[in-house]
Amino acid sequence: MAISSAGVGSGLNVDDLISRLMAAESAPLAKYDTRTAAFQSKLDALSKLSSAVSSFQGSLSSLTSAATFKAVSASVSNPDILKGSATSEAAPGTYKISVSQLAQSQTLNSAGHASMTSSIGSGAKTTLTFQFGTTSGGRYGVDASALSAAVASTGIANGSLTINGTAITTSNTTRSAQALAAAINAETEDTGVTAVAQQTATSATMFGGAGAASFGAVTTAAGASYSLSVGGVRIAAQEGGIAAGAAGSVSAASIDDALSGNNATTQALSAAGITFTGSAANGDLQFFSAEGANITVSESVEGAVTGGLNNSGTANNGMTTTVTAGVSLSSSSGNAISVGGSKPALAGLTAGSNGSYIGAGFAQDGDKASGVVTLEAGDQSLQGIRDAINKANIGVQASIVSDGSAEPYRLVLTSTKTGEKSSMKISVSGEAGVDADPALQALLGYDPAGAQGLKQTSAAQSAKLDVNGVAVTSDTNNVSGAIQGVTLDVSQTGKSNVTIAKDTNAVKNSVDAFVKAYNTLNSTMKSLTAYDATTKKGGPLVGDSTVRSVQTQLRGLLGTAVGDGKLTTLSQVGITFQKDGSLAVDSSKLNKAMTENFSEISGLFAAVGKASDANIKFNNSTAKTQPGSYAVNITEMASKGNVTSKDALAATTTIAPNTSWLVTLNQTDPESAKRTATVKLNAGTYTPDQLASMIRAAINGTSNFMENGDTVETKLEDGKLSLSSTKWGSASNLTIENIAGGSTVEEVFGAEPKFNKGKDVAGTIGGAPATGNGQTLTAAAGSKAEGLKIDVTDGAAGERGTISFTQGYAYQLNNLATSFMGKEGLITNKADGLNVSIKAVDKERVRFTERLEQTEKRYRAQFTALDSMLASMQRTQSYLTQQLAAIAANS
């Protein structure tokens with residue numbers, strides 16, 4: 001027998017024997033596998049159920065939001081003009097929109113420089129302060145010089161003048177400012193420029209000066225004559241043979257007589273559009289043409305004549321002089337006026353980019369933060385100035401443009417904000433209050449009401465619209481608030497209608513998605529619990545109490561009325577159960593409900609809070625918030641941290657040069673250095689309104705506060721100045737401290753300025769104390785209203801009515817789904833139990849397997865011993881056989 005196992009080789013097949021015995025011993029392992037597979041099958045089924053519940057919960061998201069039921073759509077008739085979007089606050093209707101002007105930002109250009117890197121001025125440290133506000137009054141344009149005598153004689157040849165690239169048609173008849181203005185205005189539609197003829201005025205000393213006449217009494221020899229005409233109107237005449245002072249002679253006094261009262265001479269001058277002031281006797285007689293017509297003054301002489309204009313009695317040979325005026329150009333858009341043509345000087349204009357504000361004023365907008373840029377030593381080149389401005393991030397973008405000329409490099413500054421309140425004023429100052437370097441002042445100083453070192457090429461302007469006949473102005477082309485709840489994004493001028501309608505599709509789509517998801521969930525549960533009588537096999541969760549509980553709770557909730565409005569059941573909006581347990585939607589019934597009770601549908605599905613007080617708004621709720629009506633009592637209104645002047649401000653307040661304050665805004669605990677900053681105030685004399693705007697803009701322009709999103713606001717009430725944080729509640733605080741030099745806080749706010757910290761709103765909801773945070777009040781834990789949040793935005797302390805809270809189907813279903821799948825949820829607990837069971841079976845299997853290993857070891861030891869014993873017996877047998885054979889052979 002061959003050796004087939006360990007041992008001495010008795011021929012016993014130990015491995016086969018042990019294998020057969022262990023196969024019998026291992027039979028119970030299959031039961032463990034069967035139990036594990038059954039548990040795993042249920043776990044997989046629960047996973048499918050959980051996934052279906054999760055999908056169902058996802059379908060509820062839009063229905064749980066009250067905004068879904070307030071959604072409206074906006075459509076426009078001309079999308080090239082504008083686009084529109086709407087929120088739930090928009091009222092359905094059609095609005096006629098006419099856009100006449102788009103919003104744009106201001107752009108300023110410097111004079112040309114030969115180099116970008118060469119230092120400008122002395123190189124001393126310089127501060128640039130940018131203020132933003134409104135430029136108003138006056139006009140943006142250029143005043144041309146008076147036309148020359150040659151033009152008055154021969155006119156302006158065609159092709160001599162272009163404005164903004166458009167040729168101005170002129171000819172030999174264009175001899176006056178009046179005629180030139182008419183020619184320019186004929187092209188206004190293309191150029192955007194209008195012209196007004198300046199007033200034509202004869203010389204102030206034509207008749208003398210200093211209270212004395214220089215008009216000499218006229219003497220005419222026999223046969224001679226003299227006449228004086230202004231604008232073609234004869235105002236004085238003398239026949240021959242009349243001596244000075246004689247009857248019929250012309251003198252300063254006779255000229256005054258001719259111009260007094262209502263007579264043929266004064267009527268003729270009026271008809272010619274000529275007015276006059278002063279008197280010849282006083283030497284201040286002057287003639288004017290308000291319309292810019294030329295005025296020709298002529299002395300006509302025949303024969304021997306003495307006296308006349310500036311003539312003391314010497315011979316007068318006659319003279320003719322023509323007085324002209326110039327034109328004043330205005331840009332309707334505030335953009336620079338580009339002048340060209342072959343000979344623009346004939347029109348009194350200079351070729352190139354022209355224009356500045358004339359007679360305008362500047363008012364700072366306190367809502368727009370001021371910006372401070374420091375030019376360190378070495379930053380005084382165009383390139384250094386550009387980089388310093390851009391690094392400061394103050395709402396101005398700087399660049400350098402080359403125009404290809406001998407001095408091509410120009411600094412270009414563009415505000416990053418549009419709107420007429422975003423015009424720039426740039427102040428230049430040296431270090432520690434020292435006057436700025438003259439070269440930098442000339443380059444960068446810009447005041448619409450004063451010196452304008454930079455030239456405006458694009459004016460800050462707001463969008464202008466007409467909405468159903470009402471004029472609307474917007475700082476941006478994204479216009480909000482013109483129509484409540486509607487935002488208009490305008491892109492060009494023109495007309496378009498905007499139609500606002502209730503977005504019933506949003507509700508219908510959400511309802512359809514909800515029904516579909518529920519039916520999927522219902523189908524999943526049926527398949528998991530189904531029993532096939534033919535095959536006598538059931539689903540993995542047949543008879544499972546977890547699925548029955550989910551089904552029962554869902555159907556119970558869907559069959560219960562909610563709320564107390566006109567719509568309280570799903571059947572009222574066409575959602576009903578079918579025989580198979582699924583849901584179906586009757587679209588016609590849903591449409592009818594939306595038509596008749598659209599505002600009520602939100603309460604049927606979402607969590608809705610309605611306050612009886614218009615200044616209290618529902619903010620939020622939690623799953624623990626119970627439906628009901630809760631009384632609201634406010635014991636203290638929220639406030640902001642502020643500082644207020646003790647007395648009314650003076651008519652003007654002067655801020656001294658080099659004034660800086662240390663401002664702390666909305667400091668935290670522990671304190672943060674980012675909440676404190678040094679704020680520089682612009683020197684000058686301010687009215688209360690101007691002072692409030694300047695201080696607000698200076699603080700809000702500080703980088704520390706901008707990074708934190710902290711801002712202040714100002715208010716003038718009974719002449720008293722109040723400066724406050726824009727944040728509400730206990731986190732709102734404001735302090736101001738003096739820094740040596742300049743004007744003190746006390747000089748501005750008075751001897752005893754009052755500093756107050758902000759307070760949170762306080763009160764009760766449903767009779768239980770609530771927690772305030774700014775203007776938000778949250779109902780206490782443990783109360784029926786737990787988690788209910790309301791915003792108290794205005795009003796006074798005291799009884800403030802009620803807040804009614806209802807939970808619609810979608811909201812309750814969402815909470816129910818969460819309870820199924822949460823940490824302690826029904827499905828979660830069941831799955832956890834199955835996992836525990838699987839682990840327990842695994843442990844039992846491991847223990848049984850360990851016992852099998854020990855059994856196998858025991859069998860192997862026993863059979864090894866048997867094998868050894870048999871082998872020994874076989875050897876003994878062999879020995880005895882040999883011995884017996886030997887004895888037999890010898891006998």
Side-chain angles (χ1 to χ4, degrees), residues 104-133 135 336 362 364-365 368-403 407-419 421-431 434-448 450-460 660 677-682 694 697-707:
Q104 68 180 21
S105 57
Q106 184 185 36
T107 299
L108 304 174
N109 290 353
S110 75
H113 284 69
S115 169
M116 291 191 298
T117 57
S118 297
S119 183
I120 300 168
S122 65
K125 185 175 180 179
T126 302
T127 298
L128 307 178
T129 301
F130 288 76
Q131 295 169 274
F132 302 92
T135 298
F362 177 82
Q364 183 175 9
D365 182 2
K368 292 183 171 57
S370 296
V372 177
V373 178
T374 300
L375 301 180
E376 301 290 352
D379 286 346
Q380 282 72 20
S381 65
L382 289 184
Q383 187 169 284
I385 295 169
R386 176 199 63 191
D387 295 344
I389 292 174
N390 289 337
K391 182 179 179 182
N393 192 28
I394 59 170
V396 176
Q397 179 65 44
S399 59
I400 297 174
V401 174
S402 174
D403 63 12
E407 294 183 326
Y409 301 110
R410 299 176 183 271
L411 180 69
V412 180
L413 305 181
T414 302
S415 170
T416 59
K417 293 183 178 179
T418 58
K421 296 180 182 178
S422 296
S423 287
M424 291 181 274
K425 177 182 178 181
I426 306 172
S427 303
V428 186
S429 61
E431 190 173 14
V434 176
D435 288 343
D437 182 280
L440 288 175
Q441 177 66 54
L443 173 70
L444 298 170
Y446 184 81
D447 183 354
Q452 299 165 46
L454 296 162
K455 187 178 295 296
Q456 177 175 278
T457 55
S458 175
S660 293
T678 298
V679 177
K680 179 182 178 183
L681 303 185
N682 297 319
M694 185 275 291
I699 294 176
N700 290 343
T702 305
S703 59
N704 274 10
F705 301 148
M706 292 175 69
E707 290 174 7

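Small disclaimer: the values here were computed from a predicted structure and weren't measured. Position 1 is the first residue of the sequence; numbering continues from there.
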Subject >> S115: partners by side chain to side chain contact (heavy atoms under 4.5 Å, CB included), with sequence neighbours left out >> reply: T117, S118
Subject >> Set of residues satisfying side chain to side chain contact (heavy atoms under 4.5 Å, CB included) with respect to D387, sequence neighbours excluded >> reply: Q383
**OP:** Please report the C-alpha distance between L375 and I385 in whole Å, then the side-chain angles of each, then the deciding distance to 0.1 Å, and finally whether the side chain to side chain contact (heavy atoms under 4.5 Å, CB included) criterion is met.
**Re:** CA-CA 7 Å; L375 301 180; I385 295 169; 4.0 Å; yes
To check you understand the geometry: which heavy-atom pair defines the closest contact between [X] and [Y], and what is its length?
X	Y	value
G121	D437	CA-OD1, 3.4 Å
S110	R410	O-NH1, 3.2 Å
L411	R386	CD1-CB, 4.1 Å

**OP:** For atom NZ of K417, decide whether the heavy atoms of other residues, nucleotides or ligands shown that lie under 6.0 angstrom number more than 12.
**Re:** no
Is there side-chain contact between [X] and [Y], with heavy atoms separated by less than 4.5 Å?
X	Y	result
I426	L108	yes
D379	T374	no
L440	I120	yes
E407	H113	no
S703	F705	no

Subject >> Full working for side-chain hydrogen bond (donor to acceptor under 3.5 Å, both in side chains) between S370 and Q364 >> reply: CA-CA 9 Å; S370 296; Q364 183 175 9; 3.0 Å; yes
